[in-house]
Amino acid sequence: MENAKTVKLILEDGTEIEGQSFGAFTSSAGEVVFSTAMTGYPENLTDPSFAGQILVLTYPMVGNYGVPGEELYESISKIFESDKIHIAGLVVNYYSEEHSHWNAAKSLGDWLKEYNIPGIFGVDTRMLTKILREKGAMLGKIVAEEDVELHDPNQDNLVAQVSPREVQRYGNGQHKIVLVDCGTKTNIIRCFLQRDVELIRVPWDYDFSTLDYDGLFLSNGPGDPKMCEPTIQHLQAALQQDKPIFGICLGSQLMGLAAGGDTFKLKYGHRSHNQPVLLTGTKRSYITSQNHGFAVDTATLPAEWDMLFENLNDGTCEGIKHKTKPFFSTQFHPEAAGGPEDTEYLFDDFLKAVAEYKAKV
């Protein structure tokens, strides 16, 4: 890339890495994390769960297939996971300025410029990832012309920043599902609409007990789940009832907190499309898509709750379930986007539980 300007990535431990700028030539601070996914950067960059983070992509070449143009499906994006880029910055080894793909509408660098997001390439991302694996995710900044202060996004209520301000409705199906949007990925909405539901999408702190619904869904989202106190309080009331509840990612952590358990921050998180999880009590494992930095501490869960899935890499909780009520969650993303869709059947399991509940009342 000719005439690229020099920028630096500076970590809180004092590590300084020099590289070349692409995207917006500006400075930015956040939490530096890595993802080992080989594809899917349009989906990852628009995933609200990455809000406040400087994302390191370990795959050696990025940008070669560009960025697709926007298409709509039922008034939501058909391709992206939200309506904008959420990362604070992007770090790659080799940036391919030339892109080639049948549905590419622009380059990755031009897309970053649209949202004033800095990128840095020419970085030894293998070395950087080893640092993050050994020391853990840490604060950092991409410095262009003007320096900026380090900033910990986990001290912010990131969910409040990415959640919608108003109630939105989709579809006209047989089951009425409330989606508590803490930063939901658009493909979650697509998965529900493909299954003949009426979806009521509400803000993170909305009192959904005022609504008539058949099932409750808790979305993914960024940051520390303990920042979502209003959501936890509303969920605690919902757990006293019998309406089915399904949570994904942050939603799983919120369910654990509302149930009376605790959560903790992982050393460097799970961000990839190849995380192996085991269905508890079986020999059945799945390869899953994940993006999170916190997890449920299963040792703190009350006796009426069990771990539903276990991470086969580090043994952490990948989902929980109630022993007698139709409440369950996954830490991974059954809807993927990108990544494997082997566990998308969990949406069907949830809607089956909704149908069974409706048949009883």
Side-chain angles (χ1 to χ4, degrees), residues 1-47 49-67 85-99 106-153 267-274 291 293 338:
M1 187 172 175
E2 296 182 3
N3 302 318
K5 297 180 179 178
T6 299
V7 292
K8 285 185 177 182
L9 173 67
I10 302 176
L11 305 180
E12 64 176 305
D13 69 348
T15 300
E16 292 193 15
I17 302 172
E18 192 171 275
Q20 305 300 308
S21 171
F22 76 108
F25 186 66
T26 187
S27 300
S28 179
E31 182 182 33
V32 183
V33 300
F34 66 89
S35 171
T36 60
M38 296 174 66
T39 60
Y41 59 76
E43 294 89 347
N44 284 348
L45 271 57
T46 53
D47 179 353
S49 296
F50 277 116
Q53 296 180 330
I54 296 175
L55 178 60
V56 180
L57 298 179
T58 63
Y59 193 70
M61 182 172 67
V62 177
N64 56 305
Y65 56 85
V67 178
I85 297 176
H86 287 277
I87 61 170
L90 186 63
V91 182
V92 304
N93 181 297
Y94 178 80
Y95 168 59
S96 177
E97 187 177 11
E98 299 294 327
H99 59 273
K106 65 190 74 172
S107 71
L108 174 57
D110 287 342
W111 193 39
L112 291 174
K113 287 178 183 177
E114 287 181 24
Y115 292 94
N116 199 37
I117 307 296
I120 176 173
F121 73 95
V123 172
D124 184 345
T125 50
R126 292 181 66 184
M127 176 271 292
L128 177 56
T129 300
K130 286 180 67 176
I131 293 174
L132 297 175
R133 282 180 61 90
E134 292 169 3
K135 297 185 178 181
M138 64 180 77
L139 303 185
K141 54 187 177 179
I142 295 175
V143 178
E145 291 180 315
E146 295 184 3
D147 197 3
V148 291
E149 295 294 325
L150 293 173
H151 176 68
D152 184 359
K267 184 175 180 180
Y268 46 82
H270 300 145
R271 297 175 182 89
S272 67
H273 296 164
N274 60 352
N291 171 24

Peer 1: Nearest 0.5 Å please: distance from the CG atom of L45 over to the OG atom of S35.
Peer 2: 10.0 Å
Peer 1: Are the side chain of S21 and the backbone N or O of V7 linked by a donor-acceptor pair below 3.5 Å?
Peer 2: no
Peer 1: Would you indicate whether the side-chain heavy atoms of L57 and V91 approach each other to under 4.5 Å?
Peer 2: no
Peer 1: Rounded to the nearest 0.5 Å, what separation is found between the CG atom of D124 and the CD1 atom of I17?
Peer 2: 8.0 Å
Peer 1: Holding to side chain to side chain contact (heavy atoms under 4.5 Å, CB included), I want the full list of residues that pass it with M38, two or more places apart in sequence or in another chain.
Peer 2: Y59
Peer 1: Check the pair F22, E97 against side-chain contact (heavy atoms from CB on, under 4.5 Å), reporting the backbone distance first and the verdict last.
Peer 2: CA-CA 9 Å; F22 76 108; E97 187 177 11; over 6 Å; no
Peer 1: Please state whether the rings of Y95 and F121 are parallel, tilted or perpendicular, taking 30° and 60° as the class boundaries.
Peer 2: tilted
Peer 1: What residues form a salt bridge (Lys or Arg N to Asp or Glu O under 4.0 Å) with K130, not counting sequence neighbours?
Peer 2: none
Peer 1: For the residue pair S49 and N291, what are the closest heavy atoms and their distance?
Peer 2: CB-ND2, 3.2 Å
Peer 1: Kindly compute the distance separating CE (M138) from CD1 (I131), expressed to the nearest 0.5 Å.
Peer 2: 7.0 Å
Peer 1: Checking D147 now: which residues fulfil salt bridge (Lys or Arg N to Asp or Glu O under 4.0 Å) with it, not counting sequence neighbours?
Peer 2: K141
Peer 1: List the atom pairs, donor and acceptor, that lie under 3.5 Å between side-chain atoms in residues 8-15 and the rest of the protein, sequence neighbours left out.
Peer 2:
from : atom 1 : to   : atom 2 : distance (Å)
K8   : NZ     : E16  : OE1    : 3.1
E12  : OE2    : L139 : N      : 2.7
D13  : OD1    : T15  : N      : 2.9
D13  : OD1    : T15  : OG1    : 2.9
D13  : OD2    : T15  : OG1    : 3.2
D13  : OD2    : K135 : NZ     : 2.7

Peer 1: Rounded to the nearest 0.5 Å, what separates atom OG1 in T46 from atom OH in Y115?
Peer 2: 9.0 Å
Peer 1: Quick check: do L108 and H99 have side-chain heavy atoms less than 4.5 Å from each other?
Peer 2: no
Peer 1: Given side chains that start at C-beta, do those of Y41 and L90 come closer than 4.5 Å, heavy atoms only?
Peer 2: no
Peer 1: Between V92 and T125, which heavy-atom pair has the shortest distance, and what is it?
Peer 2: C-CG2, 3.7 Å
Peer 1: Please report the closest heavy-atom contact between M61 and S96, naming both atoms and the distance.
Peer 2: CG-CB, 4.3 Å
Peer 1: I need the minimum non-hydrogen distance between V33 and A137, along with the two atoms involved.
Peer 2: CG1-CB, 4.0 Å
Peer 1: To the nearest 0.5 Å, tell me how far R126 CZ sits from N93 CG.
Peer 2: 10.0 Å
Peer 1: Decide yes or no for Y65 and P42: does some side-chain heavy atom of the first lie under 4.5 Å from some side-chain heavy atom of the second?
Peer 2: yes
Peer 1: CD1/I120 to NZ/K5 distance, rounded to the nearest 0.5 angstrom?
Peer 2: 14.5 Å
Peer 1: What pairs of residues pass the salt bridge (charged side-chain N to carboxylate O under 4.0 Å, His left out) test when at least one of them lies in residues 32-45, not counting sequence neighbours?
Peer 2: none
Peer 1: Do you know the tightest heavy-atom contact between P153 and G30?
Peer 2: CD-C, 4.1 Å
Peer 1: Just jot down the side chain to side chain contact (heavy atoms under 4.5 Å, CB included) partners of T129, sequence neighbours excluded, or say none.
Peer 2: F34, V56, T58, R133
Peer 1: Under 3.5 Å, side chain of K267 to main-chain N/O of L132, donor-acceptor pair present?
Peer 2: no
Peer 1: Ignoring hydrogens, what is the shortest heavy-atom contact between T36 and S272? Give both atom names and the distance.
Peer 2: OG1-CB, 2.9 Å
